[in-house]
Amino acid sequence: MRTEGRLAGGFGFPLGCAATVAAAIAADLAGAAAHPGYSAAAVAVVVAAVAVITTPLAAAGVAVVGWAVLSGFDYGRSGDLLFDASTGWVALVLAGALVLGLVSGAVWRAVRQLGPAAPPAAVPLPRRPAEPGHRRVASP
């Protein structure tokens, strides 16, 4: 389901949340436990990509969920939300990714609308009726 060339928020939000968790897990498995900034970069890419394809409200929700995942599991490591300078910077990075994705999506949709129009559909002419002098011969 699409609205104005966007994925509806009811589909974009859960898709973005699942992608955010998958990106954080993949970054953690790749060794981001020692450097949580790598996880933040992976989640920021997901937030920007989701902001391009879905509604602004769903994308903002994905950014908040991404911050909560990073704050609780990559920076806090215990599941509790951590409110300090490092998670504040993560919130700014995710907000920047959100704005970048929303602007990129708006530009992309505007360019698609201004692109060349589809050629008009060609409708074939109707078939001619059989010639009157033609006789059908029955098969034996």
Side-chain angles (χ1 to χ4, degrees):
M1 181 180 278
R2 292 197 171 258
T3 58
E4 301 169 0
R6 297 178 184 196
L7 188 66
F11 293 111
F13 179 70
L15 173 74
C17 289
T20 296
V21 170
I25 289 172
D28 200 32
L29 290 176
H35 304 285
Y38 295 154
S39 290
V43 171
V45 168
V46 169
V47 167
V50 168
V52 169
I53 64 170
T54 191
T55 61
L57 186 60
V62 170
V64 170
V65 168
W67 177 84
V69 167
L70 291 172
S71 173
F73 296 104
D74 284 339
Y75 285 89
R77 306 298 297 168
S78 65
D80 294 333
L81 294 180
L82 184 65
F83 296 95
D84 63 356
S86 61
T87 58
W89 282 108
V90 169
L92 287 176
V93 166
L94 294 180
L98 174 67
V99 169
L100 177 70
L102 290 174
V103 169
S104 299
V107 169
W108 180 56
R109 281 184 290 281
V111 167
R112 281 184 52 204
Q113 282 185 340
L114 295 177
V123 179
L125 296 173
R127 294 182 180 173
R128 292 183 309 181
E131 296 177 8
H134 184 270
R135 290 189 189 184
R136 271 193 167 209
V137 180
S139 326

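Residues: numbered from 1 along the sequence shown.
Closest approach of L98 to A51, counting heavy atoms only: O-CB, 3.8 Å. The minimum heavy-atom distance linking G12 with A58 is given by the pair C-CB, 4.5 Å. Of all heavy-atom pairs between V46 and A19, the closest is CG1-CB, 3.7 Å. A40 and V90 get closest at one heavy-atom pair: CB-CG2, 4.4 Å.
Under the 4.5 Å side-chain heavy-atom criterion for grouping Ile, Leu, Val, Met, Phe, Trp and Tyr, V52 is connected to L15 within one hydrophobic cluster. Both F11 and I53 sit in one connected hydrophobic cluster of ILVMFWY residues. Membership requires side-chain heavy atoms under 4.5 Å apart, directly or through other members. Both F13 and V43 sit in one connected hydrophobic cluster of ILVMFWY residues. Membership requires side-chain heavy atoms under 4.5 Å apart, directly or through other members. A single hydrophobic cluster is seen to contain both W108 and L7, as judged by linkage of ILVMFWY side chains at heavy-atom distances under 4.5 Å, directly or through other members. Placement of V64 and V21 in two distinct hydrophobic clusters is found when ILVMFWY residues are connected by side-chain heavy-atom separations under 4.5 Å, directly or transitively.
At distances below 3.5 Å, not a single donor-acceptor pair connects side-chain atoms of T20 with backbone N or O atoms of G66. Judged by distance alone, with hydrogens and angles left aside, the side-chain atoms of T54 form no donor-acceptor pair with the main-chain N or O of V50 at under 3.5 Å. Judged by distance alone, the side chain of S71 and the main-chain N or O of L82 form a donor-acceptor pair under 3.5 Å.
Surrounding CG of L57 are at most 12 heavy atoms belonging to other residues, nucleotides or ligands under 6.0 Å away.
With rounding to the nearest 0.5 angstrom, the CG atom of L70 is 11.0 Å from the CG atom of L81. With rounding to the nearest 0.5 Å, the separation of OG1 in T87 from CG in D74 is 12.0 Å.
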Using the rule given for side-chain contact (heavy atoms from CB on, under 4.5 Å), can you reason through L102 versus V99, listing the C-alpha separation, both sets of side-chain angles and the distance that settles it, and then say yes or no? CA-CA 5 Å; L102 290 174; V99 169; 5.7 Å; no
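Among pairs with a residue in residues 59-82, those fulfilling ring pair (Phe, Tyr, Trp, His ring centres under 6.0 Å) read W67-F83, at least two apart in sequence or across chains.
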